[in-house]
Amino acid sequence: MQNPFNLENKNIVITGASSGIGRACAIGCSQLGAKLLLIGRQEAELEKTKAMLPVPGLATILVLDLTQFEEVTTKVKAAIAGFGPIDGAIHAAGISTTLPFRNSTVEKMDHFFKVNVAAALHLTQLLIKPGSVAANGASIVFITSVMSQVGESAKVLYSMSKGALLAASRSMAIELAPKKIRVNCIAPGVVDTPMSQQAYYSQNPELKAHITGLHPLGLGVPEDVANACIYLLSDAARWVTGTQLMVDGGYTAR
Ligand SMILES: NC(=O)c1ccc[n+]([C@@H]2O[C@H](COP(=O)([O-])OP(=O)(O)OC[C@H]3O[C@@H](n4cnc5c(N)ncnc54)[C@H](OP(=O)(O)O)[C@@H]3O)[C@@H](O)[C@H]2O)c1
């Protein structure tokens, strides 16, 4: 029987591929046969990801700050011309903070919106241009967060951006369905990556234990999210669009 999660002959773009969840997605997709375009800012870390793949030769690296929109337009167009039409994308690039609402300035709101929302949507526009999408359509996956769905103190900036991404993805799913482009989100709880290791709560053992306790199954590992991405990219999810899959160890079940 054919493996329904097989990604052979699929061209997948992964942002945030230089670290954490994006890196695990690259390894998982590669193990299932995908050809990859890996995007991040740190070239050395992207090279490290590439070296971890079962077939490094099937991956291309693109060093980009996704908020440099003009450069992104030029370089992504050129990269796709060489890479071939896209079957899927995982948008894992993102930033997080723990900052009281009273300190969340308009400048910081703009910055969070630019990195976590506008950069992902701008890249998606480029990926779905006529001629850039594979004949059988494509699957776009945005990594949001449980914070798109529920609140937490000092998480206004982050929640704002992830909620916006979720809302945008639903309208995209409807607009792009006639083009056979599926659009979904994955909402992780706390996953052990450089982002969570650098978070405020990780510097205080009591706070870390409290956060861990909010997850009935404990904290996640990047592969937990990567496996969910593989499902949404694969033909097993051919009838799934406009949804958000909670991959959160039960965080939002309460
Ligand atoms: N870890 C968690 O607990 C958790 C929970 C829920 C949701 N998430 C979400 O999951 C995604 C991945 O997080 P992670 O935990 O893997 O974080 P991470 O280890 O800090 O990785 C973040 C990635 O985003 C990239 N990035 C950030 N700003 C960028 C920019 N302007 N242009 C291009 N790339 C940029 C980084 O690239 P460079 O390092 O190359 O700059 C890095 O590869 C994020 O969207 C995050 O919000 C994480």
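Since this is a predicted model, take the numbers as computed values, not measurements. In each ligand, atom 1 is the first atom listed, and ligand 1 is the first ligand listed.
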Nitrogen or oxygen atoms of [X] and ligand 1 under 3.5 Å apart:
X: Gly22; answer: no
X: Thr67; answer: no
X: Ser196; answer: no
X: Ile95; answer: no
X: Val190; answer: no
X: Ser145; answer: no

Check for me whether Lys162 has a heavy atom closer than 4.0 Å to any atom of ligand 1.
yes
Taking non-hydrogen atoms only, is [X] closer than 4.0 angstrom to ligand 1 via side chain, backbone, both or neither?
X: Leu66; value: both
X: Thr144; value: backbone
X: Leu64; value: backbone

Counting each atom of ligand 1 from 1 as listed, which ones have a heavy atom of [X] under 4.0 Å away?
X: Ile143; result: 9 (C), 10 (O), 11 (C), 45 (O)
X: Gly20; result: 16 (O), 19 (O)
X: Asp65; result: 30 (C), 31 (N), 32 (N)
X: Gly40; result: 40 (O)

Nearest heavy atom to [atom]: which of [options] does it belong to?
atom: atom 35 (C) of ligand 1; options: Pro222, Ala93, Ser18; answer: Ala93
atom: atom 20 (O) of ligand 1; options: Glu45, Met195, Arg23, His91; answer: Met195
atom: atom 11 (C) of ligand 1; options: Ala120, Ala92, Gly94; answer: Ala92

Can you tell me which residue and heavy atom of the protein come closest to [atom], and the distance to 0.1 Å?
atom: atom 19 (O) of ligand 1; value: Ser19 OG, 2.6 Å
atom: atom 4 (C) of ligand 1; value: Gly189 O, 4.0 Å
atom: atom 47 (O) of ligand 1; value: Tyr158 OH, 2.6 Å
atom: atom 1 (N) of ligand 1; value: Thr193 OG1, 3.1 Å
atom: atom 6 (C) of ligand 1; value: Pro188 O, 3.4 Å
atom: atom 3 (O) of ligand 1; value: Val191 N, 2.8 Å
atom: atom 27 (C) of ligand 1; value: Arg41 NH2, 3.5 Å
atom: atom 16 (O) of ligand 1; value: Ile21 N, 2.8 Å

Does CD in Glu70 sit with more than 12 non-hydrogen atoms of other residues, nucleotides or ligands closer than 6.0 Å?
no
Tell me whether Phe83 at atom CZ has more than 12 heavy atoms from other residues, nucleotides or ligands lying less than 6.0 Å away.
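Yes - once you tally the heavy atoms of other residues, nucleotides and ligands closer than 6.0 Å, there are more than 12.
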By salt bridge (charged side-chain N to carboxylate O under 4.0 Å, His left out), which residues pair with Asp110, not counting sequence neighbours?
none
Do Thr67 and His122 have side-chain atoms, one donor and one acceptor, less than 3.5 Å apart?
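Note: Thr67 and His122 side chains miss the donor-acceptor criterion.
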Looking only at atom types and distance, does a side-chain atom of Asn184 sit under 3.5 Å from a main-chain N or O of Gly242, one as donor and one as acceptor?
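Yes, the answer is positive, given that a donor and an acceptor are paired below the 3.5 Å cut-off.
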